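First the structure, in the form of structure tokens, and then the observations on it.
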Amino acid sequence: QLQASGGGLVQAGGSLRLSCTASGRTFGVNGVGWFRQAPGKEREFVAGIFWTGYPTYYVDSVKGRFTISRDNAKNTVDLRMNNLKPEDTAVYYCAVSKSGSATMRGADVASWGQGTLVTVSS
């Protein structure tokens, strides 16, 4: 089971850190990523990390602002989000890939977390 946490309300320019924890299992050699879904929009891939911790991948809109990291010993994957913008407002989901790949589409996901809401006010 994947547990996502860390969402909340923040002003534009602020920071948040999301965490995804695997309980009852480990991430193993699977890639882990974060997706988000804004109101009225499709779920989109945001960031992903290879099972060894490198490489990492980001959607262009968050490059330079978001950083994904993982601690396999603690079974956690974090998404550090800086300089948040109103357009980052969405429900964020962590996801475990069916493979070790750090990039994934919805069809590549083996399991989803429950989602955590991030709201960025202008």
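Small disclaimer: the values here were computed from a predicted structure and weren't measured.
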*Run the numbers on R43 and W112 for side chain to side chain contact (heavy atoms under 4.5 Å, CB included), then give the verdict.*
CA-CA 12 Å; R43 191 173 298 187; W112 294 94; 3.3 Å; yes
*asked:* Contact between Y58 and R65 at the side-chain level, heavy atoms closer than 4.5 Å - yes or no?
replied: no
_Selection residues 103-122 - residue pairs positive for salt bridge (charged side-chain N to carboxylate O under 4.0 Å, His left out), sequence neighbours left out_ = R105-D108
*asked:* Taking F45 as the starting point, is it possible to reach I68 by hopping between hydrophobic residues whose side chains are less than 4.5 Å apart?
replied: no
*How far apart are the C-alpha atoms of N30 and S97, what are their side-chain angles, what is the distance that settles it, and do they pass the side-chain hydrogen bond (donor to acceptor under 3.5 Å, both in side chains) test?*
CA-CA 6 Å; N30 299 91; S97 175; 5.8 Å; no
*Using atom types as modelled and distance alone, determine if a side-chain donor or acceptor of K98 lies under 3.5 Å from a backbone N or O of A107.*
yes
*asked:* Hydrophobic clusters here meaning ILVMFWY residues chained together by side-chain heavy-atom distances under 4.5 Å, can you tell me if V77 and M104 are in one?
replied: no
_Rounded at 0.5 Å granularity, tell me how far CD in Q37 sits from CD in E42._
8.5 Å
*Can you tell me how far the CG atom of L84 sits from the OG1 atom of T89, to the nearest 0.5 Å?*
8.5 Å
*Exam field: side chain N75 to backbone T21, donor-acceptor pair closer than 3.5 Å*: no
_Please check: side-chain N/O of Q114 versus main-chain N/O of A4, any donor-acceptor pairing under 3.5 Å?_
yes
*Can V109 be reached from Y93 by stepping across I, L, V, M, F, W or Y side chains whose heavy atoms are under 4.5 Å apart?*
yes
_Assigning hydrophobic clusters by single linkage (Ile, Leu, Val, Met, Phe, Trp, Tyr; side-chain heavy-atom cutoff under 4.5 Å), is V96 placed with L18?_
yes
_Quick check on the hydrophobic clustering: are F27 and L79 connected, directly or via other members, by side-chain heavy-atom contacts under 4.5 Å?_
yes
*Is there a donor-acceptor pair closer than 3.5 Å between any side-chain N or O of R70 and the backbone N or O of F50?*
yes
_Summary of salt bridge (charged side-chain N to carboxylate O under 4.0 Å, His left out) pairs that have at least one residue in residues 26-41, sequence neighbours excluded_ = R36-E44, R36-D88
*Between Y92 and F66, how do the two ring planes meet: parallel, tilted or perpendicular, split at 30° and 60°?*
tilted
*Under the disulfide bond (SG atoms under 2.5 Å apart) rule, what pairs show up with a residue in residues 61-122, not counting sequence neighbours?*
C20-C94
*Flag for S15-N82: side-chain donor and acceptor within less than 3.5 Å*: yes
*Hey, what do you get for OG (S122) to CD (Q11), rounding to the nearest 0.5 Å?*
9.5 Å
_Sole candidate of V10, L9, T116, V120 that passes side-chain contact (heavy atoms from CB on, under 4.5 Å) when paired with L16_ = V10
_Straight-line distance of Y57 OH to K63 NZ, nearest 0.5 Å_ = 10.0 Å
*For L2 and V32, run side chain to side chain contact (heavy atoms under 4.5 Å, CB included): C-alpha distance rounded to whole Å, both residues' side-chain angles, the deciding distance at 0.1 Å, then the answer.*
CA-CA 11 Å; L2 300 178; V32 180; over 6 Å; no
